[in-house]
Protein chains: 2
Amino acid sequence: MMSSPRQRAAPTAPPSELDPSRRNNLALITSLVHHHRVLSRAQLTKRTGLNRSTVGTLIGQLVALGLVYETAPTGEAQVGRPSPEVRPSPSIAALAVYPEIDAVTIGLVNLGGIVQKKIRFATERIPSAREAVNIAAAVIEGMRTELEHSYRITGIGVAVPGLVNPDDGTVRHAPHLGWRDEPVARMLSEATGYACQAANDASLAAEAELIFGAGAGRDNLIYLNGGASGVGGGIISNGMLLRGASGYAGELGHTFVRTSGEQCHCGATGCLETEVSQGRLFELLGLSGGDTPQLEQALRASSSPAVAGEISRQLSFLAIALRNAVNTFNPEVIILDGFLGVLYALAPSALDDLLLSQAMDGPAAQAKVHPAALGSNLMMIGAAELGFARFLADPSGFGAALTA
Amino acid sequence: MMSSPRQRAAPTAPPSELDPSRRNNLALITSLVHHHRVLSRAQLTKRTGLNRSTVGTLIGQLVALGLVYETAPTGEAQVGRPSPEVRPSPSIAALAVYPEIDAVTIGLVNLGGIVQKKIRFATERIPSAREAVNIAAAVIEGMRTELEHSYRITGIGVAVPGLVNPDDGTVRHAPHLGWRDEPVARMLSEATGYACQAANDASLAAEAELIFGAGAGRDNLIYLNGGASGVGGGIISNGMLLRGASGYAGELGHTFVRTSGEQCHCGATGCLETEVSQGRLFELLGLSGGDTPQLEQALRASSSPAVAGEISRQLSFLAIALRNAVNTFNPEVIILDGFLGVLYALAPSALDDLLLSQAMDGPAAQAKVHPAALGSNLMMIGAAELGFARFLADPSGFGAALTA
DNA sequence: GTGTTATGTTCTTTGAAACACCAAACGAAG
DNA sequence: CTTCGTTTGGTGTTTCAAAGAACATAACAC
């Protein structure tokens, strides 16, 4: 019944555990080392399914290109010859840029997702695309000596809170920033000389959590972030980020959750992000605003029944959106970030119960809600991942270009 | 900035246009021929990105294995040497099985998605899993002589209206059939001796429409079918069927569309399939039931304002579900089948307008609603695709096994 | 110590695909 | 109707990533 008479496994595609978009096995190994930060040669052999000798050769090439380095085996003592450990080179790095309504944050992130540097440039008012690009370019210019001496920069990734076409890095519409049809990637690339790509912030956060955070080792994940500018979502299915026809997929903030709900800025009514917002909570708490930890503290301190009622109201709407998501995606993990994470932390079992009772049995049984694991570095890591993308797709070409 | 110093394109993964899950280039070519039914060698060369000589060698192997055959070039006259046409062998086929509440349909489908034979076995009552398997096995047994003489059967695919784990072909829950935890694939495999796999019917329909129907050439597609047993959905993103952690993804019938809506059999309230159902329409029309064409005829003939109201009510709920889907998936095509296709046909611009006004600008601009293109053969083609899956993943192994 | 096990190392083999070159089959131009 | 340019198929050669075999090495277990 089975395939049978094949002399050996198809040499073009070994049983890889990573997404199959990898160009070749050199890229596969680079990605694995990037994702795991440390991996013994023996582990790499198992994960890739390649032959021991092949893995040895490939690592040799990566070492020669200066992309990874090997250290003496320090793993737990066990029978057999110890296997050297492979780590990403600390000199490979990507730049991350995250424009928000009150700041532009620029980061320097190592291979392995280690945030080396994070510079938050606060702005008086909402930055225009041009301003955000200028700020980022200036900060990067300030780092340039260091960058050129100590690092090999693979690219810049920009995380944008809005609809972004990742093919050309154009922001179609970022409502809270007031941007429309801004070719941010091209602008920043011209201003800095580095290759640049842009994508939706929540999508990048989802990828970051998939690789380094609460979704590590999973293939199906939903990320939802609640912030001052609404609710953003990123969906990873079968190990791959859902892009859609133009890269706009993942807008879970505009899931319908309420009949005759309020009008959303998107034009529709009853969207998740109009019914579930941190603004309503701050208002009830008598605060004019604040960040997520402040919100959590205030909510925990409050004994107002109105606040409690609003919390449970928002949780019930959140449950409806999550019910939909669970039924349509059958994820293993749902990651709640920002004030949605706070809402969950306040009443985890309440949301879990709502989800279990509303979602379909099969999918509901598997979906586990988690708070985000990467904290304040999340967006830097996610955006940097975009800056690493082309490098990881073809490390040999890049390594050669970088060493040249 | 670009990769540059690589002597040649990575030989392991040419710029293929198909999904990257293909094991090797032999499989790639087989799939292309299967999907397009006719393809000249020159076209195959362009599509695969492989070298002319490589394509020639590969086709030679496929011909030797009896999987495809070549015919004299009949293409439109143009400059240059004419290229022979490659077609799938008519002897390769898969079996399709589709159990419903009132019948079990068995089909024989050629490579290329041509339905050779379709046998609908009507049942007095809802068939149990055992009964459905016995019926299918009996019909297949009846065809066995023919099958063994004239065909090489690659496998059986079962389309099940319910939650199916495609890994082991177990039906987790098919509410309208009343099945729970039935290992249908194993049962049918044991009963017939053919390899068998099972999956959700709407998911298979989505794949069929993607390959041969209204979604041909697209990569992002949503399929929604409305039938007597509710609303089923299948989602194709980035050219791949959304599976989810256990293969339960795609249940768009249980999208939330109404606050304080009726209780759904799934446990939640306000699901699309409780608010939008053909049962309500039949009731208002004073009919006890019927099939889709009958419904369309009756709806078109009716002048009752109650019926018109119900149609627009159902369309508005459908629009909400589609709005969600468009925002989260950014599809190019939305395919409406069954009575949902009828609803759309009655007032296409009404639904289009609702969708345009409610969904977010970016994604909405691209999503086009279409009726299903494959008609009554749809489910046979989809299920057969499942029966072809393992063959297409490794045609060389299969070809050898089949010729042996 | 000695045996066992797991791994790294080196050299050879393999096979899929590219490549270079030539032949074939067409339309277009004169 | 001949010639030319173009596109494709066919054949033999070359390339190169990966497998495989044999050997070396470094740990544990006793």
Side-chain angles (χ1 to χ4, degrees), chain A residues 5-16 22-30 39-65 68 70-86 394-397, chain B residues 5-16 22-30 39-65 68 70-86 394-397:
Chain A
R6 313 190 66 206
Q7 299 89 325
R8 58 170 172 166
T12 48
S16 87
R22 300 268 153 270
R23 280 270 170 279
N24 53 39
N25 292 324
L26 211 59
L28 181 87
I29 288 184
T30 311
L39 226 40
S40 74
R41 283 169 73 145
Q43 287 172 309
L44 280 168
T45 305
K46 284 206 189 76
R47 298 229 166 200
T48 57
L50 299 171
N51 190 286
R52 255 195 344 252
S53 60
T54 307
V55 172
T57 312
L58 292 171
I59 292 174
Q61 289 177 43
L62 291 177
V63 170
L65 289 167
V68 306
E70 287 185 295
T71 55
T74 60
E76 301 76 49
Q78 54 174 9
V79 196
R81 178 173 176 174
S83 193
E85 288 178 342
V86 184
D394 180 11
S396 63
Chain B
R6 310 193 66 207
Q7 297 90 324
R8 57 170 173 166
T12 47
S16 87
R22 302 267 153 268
R23 280 270 168 277
N24 54 39
N25 291 326
L26 211 59
L28 181 85
I29 288 185
T30 312
L39 226 40
S40 73
R41 282 167 77 146
Q43 287 172 309
L44 280 168
T45 305
K46 283 205 191 75
R47 298 233 162 189
T48 57
L50 299 172
N51 190 284
R52 269 208 319 266
S53 60
T54 308
V55 171
T57 313
L58 292 171
I59 292 173
Q61 289 177 42
L62 290 177
V63 170
L65 289 166
V68 305
E70 285 184 295
T71 54
T74 60
E76 303 77 50
Q78 54 176 10
V79 195
R81 177 171 176 174
S83 194
E85 289 178 341
V86 185
D394 180 12
S396 62

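Quick caveat, the model's predicted, so the values are computed rather than measured. First the proteins, then the strands, lettered A, B, ... as listed; each starts at 1.
Atom pair A:Leu39:CG and C:dT7:C1' shows a separation of 15 Å (rounding to whole Å applied). C:dT7 atom P lies 15 Å from atom CD of A:Glu70, rounded to whole Å. When the C1' atom of C:dC21 is taken as reference, atom CZ of B:Arg81 falls 14 Å away, rounded to whole Å. Regarding B:Glu85, its CD atom lies at a distance of 13 Å from the P atom of D:dT8, rounded to whole Å. Across the protein-nucleic acid pair, A:Leu26 atom CG and D:dA18 atom C1' stand 13 Å apart, rounded to whole Å. Separating the CG atom of B:Asn25 from the P atom of D:dA17 is a distance of 16 Å, rounded to the nearest angstrom. Rounded to an integer number of Å, the gap from CG of A:Leu50 to P of D:dC16 is 19 Å. The distance from atom CD of A:Gln78 to atom C1' of D:dA26 is 12 Å, rounded to the nearest whole Å.
Between B:Leu58 and B:Thr48 the shortest side-chain heavy-atom distance does not fall below 4.5 Å. Contact of the B:Thr54 side chain with the B:Asn25 side chain is not registered, since no non-hydrogen atoms from C-beta on lie closer than 4.5 Å. The side-chain heavy atoms of A:Ile29 and A:Leu62, taken from C-beta on, include a pair separated by under 4.5 Å. In this structure the side chain of A:Thr45 never reaches within 4.5 angstrom of the side chain of A:Leu50, judged on heavy atoms.
Distances shown here put every side-chain N or O of A:Thr45 at or beyond 4.0 Å from the OP1 or OP2 atom of C:dT7. Contact annotation: B:Asn24 side-chain N/O to C:dA16 OP1/OP2 distance is not under 4.0 Å. Within the structure, a side-chain polar atom (N or O) of B:Arg41 is placed less than 4.0 Å from OP1 or OP2 of D:dG10. Residue A:Thr54 places at least one side-chain N or O under 4.0 Å from the OP1 or OP2 atom of D:dA19.
In terms of position along DNA chain C, the nucleotide closest to A:Gly80 lies nearer the 5' end than the nucleotide closest to the other residue of the pair A:Ser40 and A:Gly80. Comparing A:Leu58 and B:Gln43 by the nucleotide of DNA chain D whose heavy atom lies nearest to each, the residue mapping closer to the 5' end is B:Gln43.
Closest approach of A:Leu65 and A:Ser396 over heavy atoms only: CD1-CA, 3.9 Å.
Set against C:dT9, D:dG9, D:dA27, the side chain of B:Arg52 has D:dG9 as its closest nucleotide. Across D:dA19, C:dA18, C:dT9, the shortest atom-to-atom separation from the side chain of B:Asn51 is found for C:dA18. Of the candidates C:dT7, C:dA25, D:dT8, the closest approach to any side-chain atom of B:Pro82 belongs to C:dA25.
Heavy atoms of A:Ser53 sit under 4.0 angstrom from at least one base atom.
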